[in-house]
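All remarks here apply to the structure that follows.
Keep in mind it's a predicted model, so treat the numbers as computed, not measured. Worth knowing before you read on, the calculation uses all heavy atoms, side chains too, and leaves out hydrogens, waters and symmetry mates.
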Amino acid sequence: MAISLSVVLLLAIILVVLMRGGNIKAGPAIVAMLFGFFLASTGMAPSISRFMQSIAEMVNSISF
């Protein structure tokens, strides 16, 4: 839960920065958000969640 909330916040910040910078307009941003929302209710959601979890674990295991 904590990882998914962090990813949502990070993506929201990136989206706001892109919109304010003029790199993405409000229309395409809304379409992208709706795509993600509806994708989450498909059968692919568990696979995507596992993939993102493995990426988070890989990044967490990197030591500097």
* **Members besides Phe64 in its Ile/Leu/Val/Met/Phe/Trp/Tyr cluster (side-chain heavy atoms under 4.5 Å)** => Ile62
Group every Ile, Leu, Val, Met, Phe, Trp and Tyr by side-chain heavy-atom contacts under 4.5 Å, then state whether [X] and [Y] land in the same group.
{"X": "Leu10", "Y": "Leu18", "answer": "yes"}
{"X": "Ile24", "Y": "Ile14", "answer": "yes"}
{"X": "Met52", "Y": "Phe35", "answer": "yes"}

* **Nearest heavy atoms of Ala29 and Met19, plus distance in Å** => CB-SD, 3.8 Å
* Under the side-chain contact (heavy atoms from CB on, under 4.5 Å) rule, collect the residues that match up with Ile30, sequence neighbours excluded. => Met33, Leu34
Using a 3.5 Å cut-off and no angle test, enumerate the donor-acceptor pairs between side-chain atoms of residues 42-51 and protein atoms at least two apart in sequence or in another chain.
unit_1, atom_1, unit_2, atom_2, d
Thr42, OG1, Leu39, O, 2.7
Thr42, OG1, Met44, N, 3.3
Ser47, OG, Arg50, NH2, 3.4

